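Bear in mind that the values here come from a model prediction, so they are computed numbers and not experimental data. All ligand and atom numbering here is 1-based and tracks the order in the structure. Residue numbers start at 1 and run along the sequence shown.
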Amino acid sequence: MKDKLIKIESEFDSAYKEAKDLNLLEEIRLKFLGKKGSLNYVMADFKQVPNEMKKEIGQLVNKLKNKIEEKIAEKKQELEDKQNEAEINNAKKIDLTLPAKTNVGSLHPRTLILKEVEDVFVSMGFVVEDGFEIETEYNNFDAVNVPANHPARDMQDTFWLDNGQVLKTHTSAAQNRILKKYGPHCKAIFPGRCFRNESLDAGHENTFFQMEGIVVDENVSVSNLLYFMKEMLKGVFKKDINVRLRPGFFPFTEPSFELDASCAFCGGKGCSSCGGSGWIELCPCGMIHPNVLRNAGIDPDKYSGFAFGLGADRLVMLKTGLNDIRHLNSGNVSLLKQFGIKL
Ligand code: FA5
């Protein structure tokens, strides 16, 4: 058995010299120390060693095993160090000053419009708030004066979740939370993604963006609403845009209006973009219904407010002349190239 151990040691010594990389080293480790390796193989004969020699042979086996383990650990460290050094040297060869050849993205036209509208309102002292995409039935409907079984619920075909919550159908769903947060002195806008179970066409998507705005204080009136909307349009279109109000209906505003903007393309003379009328329907709005104020703990006899719900995608269409809303969610890169802004 002694001879066998000497043979294993010399085989190991020569194999060890050839271990040029970590894979080869692992092969050597398995060959000598693995379950089916030489040392285990020789130990199978240990039973046949005469008792008086068992101690000496046992010590020789252990010594050889320790030597092989130590040598392999040493070599492993040495090879790993070499590998790290090579990686560092290679990295040094990368010229970080070369201009990057990457395909940079661009901001989506809707992101740009929302940012523009936000900037205008922020400059007029509004805070920007966030809403949830999954809302309670109460916030989406009841809090804004649309109780269960009210026919007005049919105005918005809704995606219901199994737990009774909804994908918010309009940004008005955040009104109650925001009114409670700021109380009767509130000037806030809250953009957000909305969802409706719509039949899709050039003007309707199932997922679209709105920008809601509310102002509540003493003596807030329709003329304040008109002022802020005109300022917003001036900021977005970089010129004065006339607006007009038509009567509308929303359960959460009284009175309710549809606000039209004079066509930014023809200046109100009439063109294909405005169907010849000179006006483009822009955003529903109105004076906040007393019940909505009451639901947020605000006294409607003392305070009043207005609210509007601007369709952001329609505003993009208006500004860019895009003729189909579905392009906006299509992931169409040429749309981004045409209307987006390079980062
Ligand atoms: C509402 O959603 C009201 N919450 C708006 C409001 C807020 C009124 C505050 C009064 C006071 P409406 O369903 O009309 O109203 O939607 C508002 C705007 O969202 C529309 O004018 C339109 O620009 C946009 N919009 C609505 N449905 C879609 C749709 N399916 N696809 C794209 N845009 C849509």
Side-chain angles (χ1 to χ4, degrees), residues 109-110 113-114 117 121 129 131 135 139-146 150-159 166-176 178-179 186 188-216 220 222 224-226 228-229 232-233 236 243 245-261 279-293 295-296 304-319 322-330:
R110 182 172 46 215
I113 281 275
L114 285 172
V117 176
F121 279 110
E129 278 288 339
E135 261 297 359
N139 278 337
N140 199 79
F141 292 119
D142 303 72
V144 287
N145 206 30
V146 190
H150 191 287
R153 282 210 182 186
D154 293 342
M155 289 159 75
Q156 302 178 357
D157 199 354
T158 315
F159 292 110
V166 298
L167 295 187
K168 84 165 177 252
T169 58
H170 55 173
T171 38
S172 306
Q175 276 196 16
N176 184 260
I178 290 166
L179 285 172
C186 176
I189 49 167
F190 28 111
R193 190 183 273 123
C194 305
F195 309 85
R196 289 186 200 174
N197 185 17
E198 295 275 19
S199 309
L200 306 189
D201 59 29
H204 292 85
E205 260 289 9
N206 52 26
T207 305
F208 55 97
F209 277 72
Q210 289 183 344
M211 164 78 78
E212 187 100 352
I214 47 178
V215 171
V216 176
V220 173
V222 176
N224 298 125
L225 165 68
L226 284 171
F228 283 119
M229 296 317 282
M232 183 275 291
L233 287 169
V236 172
V243 295
L245 292 178
R246 286 178 292 114
F249 170 74
F250 294 97
F252 27 92
T253 43
E254 183 57 41
S256 303
F257 308 108
E258 291 291 345
L259 184 133
D260 297 336
W279 293 97
I280 290 188
E281 191 176 314
L282 188 68
C283 111
C285 52
M287 299 304 294
I288 300 178
H289 195 287
N291 285 350
V292 176
L293 293 176
N295 286 340
S304 56
F306 68 75
F308 62 86
L310 188 67
D313 305 64
R314 302 252 176 98
L315 192 59
V316 175
M317 293 171 79
L318 192 61
K319 191 164 177 197
L322 195 69
N323 60 3
D324 193 322
I325 195 169
R326 289 168 292 190
H327 289 308
L328 291 174
N329 286 349
S330 68

> When only distance counts, is Q210 in polar contact with ligand 1, meaning an N/O pair under 3.5 Å?
Replying inline: yes
>> Starting from atom 14 (O) of ligand 1, what is the nearest protein heavy atom, named by residue and atom, and what distance separates them?
In response: P284 CG, 3.6 Å
>> Show me which atoms of ligand 1 lie under 4.0 Å from any heavy atom of F308.
In response: 7 (C), 9 (C)
> Counting heavy atoms only, which of R314, E205, E212 comes nearest to atom 30 (N) of ligand 1?
Replying inline: E205
> Do R314 and E281 meet the salt-bridge criterion of a basic N to acidic O distance under 4.0 Å?
Replying inline: no
> Any non-hydrogen atom of I325 lying under 4.0 Å from ligand 1?
Replying inline: yes
> Going by the atom numbers of ligand 1, which of them fall below 4.0 Å from some non-hydrogen atom of E198?
Replying inline: 27 (N), 29 (C), 30 (N)
> With under 30° as parallel and over 60° as perpendicular, where do the rings of F252 and H170 fit, or are they tilted in between?
Replying inline: perpendicular
>> Does this structure show an ion pair linking R153 with D142, if we count only N-O contacts that are shorter than 4.0 Å?
In response: yes
>> Please work out, at 4.0 Å between heavy atoms, whether the side chain, the backbone, both, or neither of A307 comes within that distance of ligand 1.
In response: both
>> Quick check: closest heavy atoms across S172 and E212, and the distance to 0.1 Å?
In response: OG-OE2, 2.7 Å
> Can you find an N/O atom of H170 closer than 3.5 Å to an N/O atom of ligand 1?
Replying inline: yes
> Applying a strict 4.0 Å limit to heavy atoms, is C285 in contact with ligand 1?
Replying inline: yes
> Can you tell which of L315, L322, V316, D313 makes a side chain to side chain contact (heavy atoms under 4.5 Å, CB included) with P109?
Replying inline: V316
>> Does any part of the side chain of V146, heavy atoms only, come nearer than 4.5 Å to the side chain of N140, both counted from C-beta?
In response: no
> What protein heavy atom is closest to atom 8 (C) of ligand 1, reported as residue, atom name and distance in Å?
Replying inline: F252 CE1, 3.6 Å
> What's the shortest heavy-atom distance between A202 and N323, and which atoms?
Replying inline: CB-O, 3.8 Å
> Closest approach of P191 and L114, non-hydrogen atoms and distance?
Replying inline: CB-CD2, 4.1 Å
> So which of F250, F257, F249, F208 gets nearest to atom 26 (C) of ligand 1, if we judge by its closest heavy atom?
Replying inline: F208
>> Give me the nearest non-hydrogen protein atom to atom 24 (C) of ligand 1 as residue plus atom name, then the distance to 0.1 Å.
In response: G311 CA, 3.8 Å
> What are the two closest heavy atoms between T169 and R196, and how far apart are they?
Replying inline: O-NE, 2.9 Å
> Going by distance only, is there an N or O of R196 that falls short of 3.5 Å from an N or O of ligand 1?
Replying inline: yes
> Are E281 and ligand 1 in contact, using a heavy-atom cut-off of under 4.0 Å?
Replying inline: no
> So which bit of Q156 gets within less than 4.0 Å of ligand 1, heavy atoms only: side chain, backbone, both or neither?
Replying inline: side chain
>> Would you say that V117 contacts I189 through its side chain, given a criterion of any heavy-atom pair below 4.5 Å between the two side chains?
In response: no
